[in-house]
Amino acid sequence: MDLKSRIRRRRRTGTTATLVLDYEAISPIAHVSEPTGRGPVLERLLDYLDPVFDGDLPPNAYVWGPIGAGKSAVVTALWANLAGQLSESQSVIHTTTRSQTTNAPQFVYVDSREASSTFAQYRAILDAISDESVPEKGIGTDTLETRLTNSLRAGGASVLVAVDHVGEPETPDLATVADRLDSLGASLTWVAVGRTNPETLAVDLPPERIELPAYRRHDLVDILTSRASEGLAERALQHEQTRDIADWAEGNAHDAFAALFGAADRAARKGRSRIHSEDITAGMMDVPRPCSSLGRVMALPQNRQLVLRTFVDLDEHARESVERTTEAIADAASVDLTPGTVKRFLYELAETGIIERVQRETGDDSHGRPPSRVEPRFPITVFRRLYDIRTE
DNA sequence: GATCCACGGGAATACACGGATG
DNA sequence: CATCCGTGTATTCCCGTGGATC
């Protein structure tokens, strides 16, 4: 347990028993500094990154594996630690020449969900490697590209960019990322991270491919146990319940944490001091299978998230058809969008798999094309809580 | 004045079905 | 019987506009 959570826990001691000490610790989209249960893959990645310790760049790479395999967790943790340790050793060596540029590569992490356009990705990289502030609007993409290439050339430093979440419905695919980054020069190499098996991709693959398979049951139990010990009151979650969740999740850490989070939240709302088995069941029921990643949902533009937040509170009646749902959402006091836009959002979200259109069995009153309903493909309890925590 | 991006709005297209047509 | 057509909806697609910034 790290210091932060020890302090959080201590602050609670003495007050009324609180079940959930730290939602962040059991969140399906939390970034951890120390990924567990991924030892072999970490070794493989460190082998690949070996040139970095001599101040060189490794070749481009593609890291891939199924949802919930810990790809983002591993890559963000690795990047953060390498950036920290390498710059630390530099400053020790070069204490007298602090401002001197060194050979150690810089580590830049770009989440394609936050930055999907060419402009946004270039901007993210330039912002990370340069001291000056980089404009978000007002300059063209080619101007930005020029500034970026100049900066890479002039700085003398090399950069290793991790581009996470490539190849999702609303993010650029591997070929696009390769195309964008290869043109920036030899002092930048990249590691793309995605779900698609490279063998099914009809593109020129980067020289290194590293697979992250799904968690094994045993490792998933360990991770759940350790995160639960940080985020939940003592003895709030029984070992058998942890195993149940792990079995059910079938190696998918995202779904496992979503279920745990949902269960804990439910138990907390009911004022319990520990999680009951019916909470676990409800937590699992909250997670549709397949389930779209909450990271995707939480990275959506604000207005789309607002539409979803309103959507998950609608009653039966309002969920009957896209039309009804649209009206109900557009009518909500908090939503300041026209019905046309709300409807378009709903169709777009269905297109990308965050919600799903369900066709009504044809029949009824044979007038025109039958309407469909939309259903969430994400855990609504968890989404509600994450959304409300962030906007409170 | 230029730029990126989210919105708004509406045209174009797809679909379902009954009834007409060849 | 297979197709086509007309009507009424549902869904997709596309592009102009405007806010916020530089």
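A note on names: the letters A, B, ... follow the listed sequences, proteins ahead of strands, and every chain is numbered from 1.
A cation-pi arrangement is found for Arg38(A) relative to Tyr215(A), the charged atom lying closer than 6.0 Å to the ring centre and inside a 45° cone about the ring normal.
Whole-Å rounding puts the Leu346(A) CG to dC7(B) P distance at 13 Å. Taking atom CD of residue Gln359(A) and atom C1' of nucleotide dA16(B), one finds them 10 Å apart after rounding to whole Å. Note: CG (Asp142(A)) to P (dT3(B)) measures 8 Å, nearest angstrom. Counting to the nearest Å, the C1' atom of dC7(B) and the CZ atom of Arg304(A) are 8 Å from each other. Here dC5(B) presents its P atom at 11 Å from CD of Gln121(A), a figure rounded to the nearest Å. Distance Ile139(A) CD1 to dT21(C) P: 15 Å, rounded to the nearest Å. Rounded to an integer number of Å, the gap from CG of Leu144(A) to C1' of dC5(B) is 15 Å. As a whole-Å value, the separation of Glu145(A) CD from dT3(B) P is 15 Å.
Of the listed nucleotides (dA6(B), dT3(B), dT11(C)), dT11(C) has the atom at the smallest distance from the side chain of Ser372(A). Listed nucleotides dT11(C), dG8(B), dA6(B) differ in distance to Arg369(A); the shortest reach to its side chain belongs to dT11(C). Checking dT11(C), dA6(B), dC5(B) against the side-chain heavy atoms of Ala120(A) singles out dC5(B) as nearest.
Backbone-only engagement by Thr338(A) is indicated by non-hydrogen atom pairs under 4.0 Å involving sugar-phosphate atoms exclusively. Across all strands, Gly140(A) comes closer than 4.0 Å only to sugar-phosphate atoms, never to a base (heavy-atom distances). Backbone-only engagement by Glu351(A) is indicated by non-hydrogen atom pairs under 4.0 Å involving sugar-phosphate atoms exclusively. Arg123(A) comes within 4.0 angstrom of no nucleic acid atom, judged by non-hydrogen atoms across all strands. Across all strands shown, Ser117(A) has heavy atoms under 4.0 Å from sugar-phosphate atoms exclusively, and none from any base. Here Phe119(A) lies in heavy-atom contact (under 4.0 Å) with sugar-phosphate atoms only. Looking at heavy-atom distances under 4.0 Å, Ser321(A) makes no contact with the nucleic acid at all.
Between Arg357(A) and the phosphate of dT12(C), there is a side-chain N or O to OP1/OP2 separation shorter than 4.0 Å. Distances shown here put every side-chain N or O of Thr341(A) at or beyond 4.0 Å from the OP1 or OP2 atom of dA6(B). The phosphate of dC7(B) has neither OP1 nor OP2 within less than 4.0 Å of any side-chain N or O from Arg344(A).
Rounded to the nearest 0.5 angstrom, Ile354(A) CD1 and Arg304(A) CZ are separated by 10.0 Å. Note that the OH atom of Tyr347(A) and the CD1 atom of Ile355(A) stand 10.0 Å from one another [nearest 0.5 Å].
Under the 6.0 Å cut-off for aromatic ring centres, Phe261(A) and Phe257(A) do not qualify, their centroids lying 6.0 Å or more apart.
Nearer to the 5' terminus of DNA chain C, by closest-nucleotide assignment, is the contact made by Val322(A) (compared with the other of Val322(A) and Glu348(A)).
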Is there a salt bridge (Lys or Arg N to Asp or Glu O under 4.0 Å) between Arg243(A) and Asp247(A) once you walk through the steps?
-> CA-CA 6 Å; Arg243(A) 286 200 308 259; Asp247(A) 282 339; over 6 Å; no
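Tested against Thr242(A) for a side chain to side chain contact (heavy atoms under 4.5 Å, CB included), the candidates Ile223(A), Leu220(A), Leu237(A) yield a single pass: Leu237(A).
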